Trainee: 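Following this message is one structure expressed as structure tokens.
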Amino acid sequence: MRILRGRVLSFLSEPQGLDDTASYRYIEDGAISIVDGKIVAVGTFDAALVGDGEVIDHRPHLIMPGFIDTHLHYVQSQIVASYAGSLLEWLNTYTFIEEQKFSQQGHAATIASAFYDELIRNGTTTAAAYCSSAPASVDAYFAEAEKRNMLMIGGKVMMDRHAPEALCDTAQSSYDDSKTLIARWHGRGRGLYAISPRFAITSTPEQLAAAQSLVAEHPECYVQTHLSENNAEITLSLQLYPEAPDYTGIYEHYGLLGPKTLLGHCIHLDHRETELLADTGAVAVFCPTSNLFLGSGLFDRARLQQHGVRIGVATDIGGGTSFSMLRTLDEGYKVLQLRGQRLTPFNSFYMMTLGNARALSLEGTIGTIAPGCAADLVVLNAAATPAMALRMQTATQLVEELFLLQTLGDDRAIAEVYVAGAQAKSTLDGL
């Protein structure tokens, strides 16, 4: 048994306001008991300290579930901060060129290792990521996840048009490759597969039909794609699929919408599309840093919530500008401020833990500090920098500490990370 001591915070439900203390559990001097990678008990330190367990004392730091990222591209790790004026310009100038490298021997493994280092350094223990169209990129992604014992979701990008020839597959080859990769990786270790047509622009009707067949044959897998990120993207998509009633209707026609569908962005949705997402249970994924960086628009969280749409939040590396969920929710707060919507610190930390676990239909497995859940945990230091330490001198409430972490925190605020109860280390800096 391993026992972690510190201040423990975990959410039970989505907070309905600053005074909704029933939505979370906070223990000032808490203990988390871990056996074989799972949490077996949570309580006050005196009550939990039994047996001959090793005690690791993280006081005065805050222990939370590991952060979860529901949409990013590991193959874009080397093009973060690439200058472009819009989504389609960025894709053509940088992304499609970069992703061609993943057919080169050794490149995918090198980037996968660096990618996972960045996740760990920033306190992220689970993510849903796009690989490239090269099957070797998927093998490298899941092999690295298996090596680190991390619960990760991912899949080969399916794209057979409007991209460089070296990056394109075909409807048949994308089906065959995905089928093979699902058999190889889904459910192996902690790996879970996502059927991944990039978006309507880069898939012919034949390829979306192939994706539809994969979904029908493998309902246990996720689906991930992009939706309504940019006005030019929407216009081109509807030109390519003129019989569709709207952008979302393209995916609807091919049976790609369901409770395990992750739709990146979802900024410009009309009423029918919003109702369709709610009816099918598909997840709208909020990507604030990339939406701001590419000038795509402002996510309307309140409107989607009012219609019953499930919501996740994500970094969207490499259009996104940080691997940190803290930095991501800081920008998310500002996006919603511009929308006239309040995002409380409790809601922010709910979204990056239990909220995203629910978006992935993995509540009860990750995202919560409770018996039976995986011991994927992050330890947060709200005084990690001089500016943070100065502000902490006047912070007297938990809500102030959380907002400080969100507003001023980054990878330096991550004091420790545990994956399945084991301390996770970055190969680059020893963290």
Side-chain angles (χ1 to χ4, degrees), residues 11 14 64-77 115-116 118-119 122-131 141 145 150-155 157 190-199 221-229 251 256-267 277 280-291 296 299 301 304-305 309-332 335 343 347-368 374 376 378:
F11 288 90
E14 184 170 6
M64 291 193 66
F67 298 148
I68 302 167
D69 190 344
T70 54
H71 178 105
L72 75 170
H73 303 252
Y74 103 85
V75 291
Q76 296 173 11
S77 297
F115 169 80
Y116 280 92
E118 287 302 319
L119 294 186
N122 285 282
T124 297
T125 52
T126 289
Y130 292 70
C131 304
Y141 174 82
M150 293 174 70
L151 196 167
M152 297 292 289
I153 300 165
V157 162
R190 302 180 74 192
L192 300 170
Y193 198 87
I195 298 160
S196 307
R198 186 180 212 113
F199 64 158
C221 290
Y222 291 87
V223 176
Q224 59 180 359
T225 190
H226 298 78
L227 175 64
S228 294
E229 179 178 1
Y251 301 136
L256 301 180
L257 302 179
K260 300 189 83 171
T261 300
L262 308 173
L263 299 166
H265 308 292
C266 297
I267 301 172
L277 296 193
T280 59
V283 178
V285 182
F286 180 21
C287 304
T289 70
S290 67
N291 295 161
S296 300
F299 186 82
R301 177 172 175 263
L304 294 180
Q305 282 190 313
V309 176
R310 298 166 66 209
I311 297 174
V313 65
T315 64
D316 193 26
I317 292 294
T321 54
S322 175
F323 281 87
S324 169
M325 292 302 292
L326 298 175
R327 303 280 8 99
T328 297
L329 268 297
D330 179 44
E331 296 304 303
V335 166
L343 182 67
N347 285 100
S348 290
F349 281 84
Y350 163 81
M351 289 175 74
M352 64 180 98
T353 56
L354 178 58
N356 272 352
R358 286 178 167 177
L360 297 175
S361 301
L362 290 173
E363 65 270 33
T365 300
I366 57 173
T368 311
D376 296 342
V378 62

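Since this is a predicted model, take the numbers as computed values, not measurements. Computation of the quantities below employed the complete heavy-atom set of this structure, encompassing side-chain atoms and omitting hydrogens, waters and symmetry-equivalent molecules.
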Trainee: Should N122 and F67 count as side-chain neighbours, where that means a heavy-atom distance under 4.5 Å?
Mentor: no
Trainee: Okay, side chain of Q224, backbone of A129: is any donor-acceptor separation there less than 3.5 Å?
Mentor: yes
Trainee: Could you report the tightest heavy-atom contact between T353 and G66, atom names first, then the distance?
Mentor: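 Result for this residue pair: CG2-O, 4.3 Å.
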Trainee: Could you measure the distance from the CG atom of N291 to the SG atom of C266? Nearest 0.5 Å is fine.
Mentor: 10.0 Å
Trainee: Once the angle between the rings of H73 and Y130 is folded into 0 to 90°, is it parallel (under 30°), tilted (30 to 60°) or perpendicular (over 60°)?
Mentor: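 If you compare the ring of H73 with that of Y130, the planes turn out parallel.
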Trainee: For T225 and F199, work out which heavy atoms get closest and say how close.
Mentor: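 Closest pair (atom of T225, atom of F199, distance): OG1-CA, 3.5 Å.
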Trainee: Please state whether the rings of H226 and H265 are parallel, tilted or perpendicular, taking 30° and 60° as the class boundaries.
Mentor: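 Aromatic pair H226/H265 classed parallel.
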Trainee: When D69 is tested against each of T124, T328, T315 for side chain to side chain donor-acceptor pair (under 3.5 Å), which residue passes?
Mentor: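 That would be T315.
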Trainee: CD1 of I317 to CD of Q76: how many Å apart, nearest 0.5 Å?
Mentor: 9.0 Å
Trainee: Got I68 and M352 here, is their nearest side-chain heavy-atom distance under 4.5 Å?
Mentor: no
Trainee: What are the two closest heavy atoms between A127 and L72, and how far apart are they?
Mentor: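 So the minimum-distance heavy-atom pair works out to CB-CD2, 3.7 Å.
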Trainee: Can you tell me how far apart OG1 (T289) and CZ (R327) are? Round to the nearest 0.5 Å.
Mentor: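 It is 10.0 Å, given to the nearest 0.5 Å.
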Trainee: Apply side chain to side chain contact (heavy atoms under 4.5 Å, CB included) to C287 and F299, showing your working.
Mentor: CA-CA 8 Å; C287 304; F299 186 82; over 6 Å; no
Trainee: For P288 and V335, work out which heavy atoms get closest and say how close.
Mentor: CB-CG2, 4.2 Å
Trainee: After noting the C-alpha distance and the side-chain angles of Y193 and I153, does the key distance pass the side chain to side chain contact (heavy atoms under 4.5 Å, CB included) rule?
Mentor: CA-CA 6 Å; Y193 198 87; I153 300 165; over 6 Å; no
Trainee: If you define the side chain from C-beta out and look only at heavy atoms, does anything of M64 sit under 4.5 Å from F11?
Mentor: yes
Trainee: Which heavy-atom pair separates S290 from G320 by the least distance, and what is that distance?
Mentor: CB-N, 3.3 Å
Trainee: Evaluate Q305 against I311 for side chain to side chain contact (heavy atoms under 4.5 Å, CB included), listing each step before the verdict.
Mentor: CA-CA 8 Å; Q305 282 190 313; I311 297 174; 3.7 Å; yes
Trainee: For A145 and M152, work out which heavy atoms get closest and say how close.
Mentor: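 Closest approach of A145 to M152, heavy atoms only: CB-CG, 3.8 Å.
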Trainee: Would you please test F286 and T70 for side chain to side chain contact (heavy atoms under 4.5 Å, CB included) and show each step?
Mentor: CA-CA 9 Å; F286 180 21; T70 54; over 6 Å; no
Trainee: What I'd like to find out is whether the side chain of Y251 reaches to under 4.5 Å of the side chain of L277, using heavy atoms alone.
Mentor: no
Trainee: Are the side chains of I195 and Y222 in contact, using a 4.5 Å heavy-atom criterion?
Mentor: no
Trainee: With R190 as reference, evaluate D376, T365, T126 under the side chain to side chain donor-acceptor pair (under 3.5 Å) test and give the passing residue.
Mentor: D376
Trainee: Quick one: OG1 on T125 to CG on L119, what's the gap to the nearest 0.5 Å?
Mentor: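 Answer rounded to 0.5 Å: 9.0 Å.
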Trainee: Check the angle between the aromatic planes of Y141 and Y116 and answer parallel, tilted or perpendicular using the 30° and 60° thresholds.
Mentor: tilted
Trainee: Could you work out, with side-chain contact (heavy atoms from CB on, under 4.5 Å) as the rule, every residue matching T261, not counting sequence neighbours?
Mentor: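 With neighbours one apart ignored, the set is V223, L257, L263, A282.
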Trainee: Using 0.5 Å steps for rounding, measure from the CG atom of L360 to the CG atom of L151.
Mentor: 8.5 Å
Trainee: Going by the salt bridge (Lys or Arg N to Asp or Glu O under 4.0 Å) test, name the single residue among R301, R358, R310 that passes it with E14.
Mentor: R301
Trainee: Check V313, V285, L362, I366 against N356 for a side chain to side chain contact (heavy atoms under 4.5 Å, CB included) and give me the one that passes.
Mentor: V313
Trainee: Heavy-atom distance under 4.5 Å between the side chains of S348 and L343, does that happen here?
Mentor: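 Side chain of S348 against side chain of L343, heavy atoms only: contact under 4.5 Å found.
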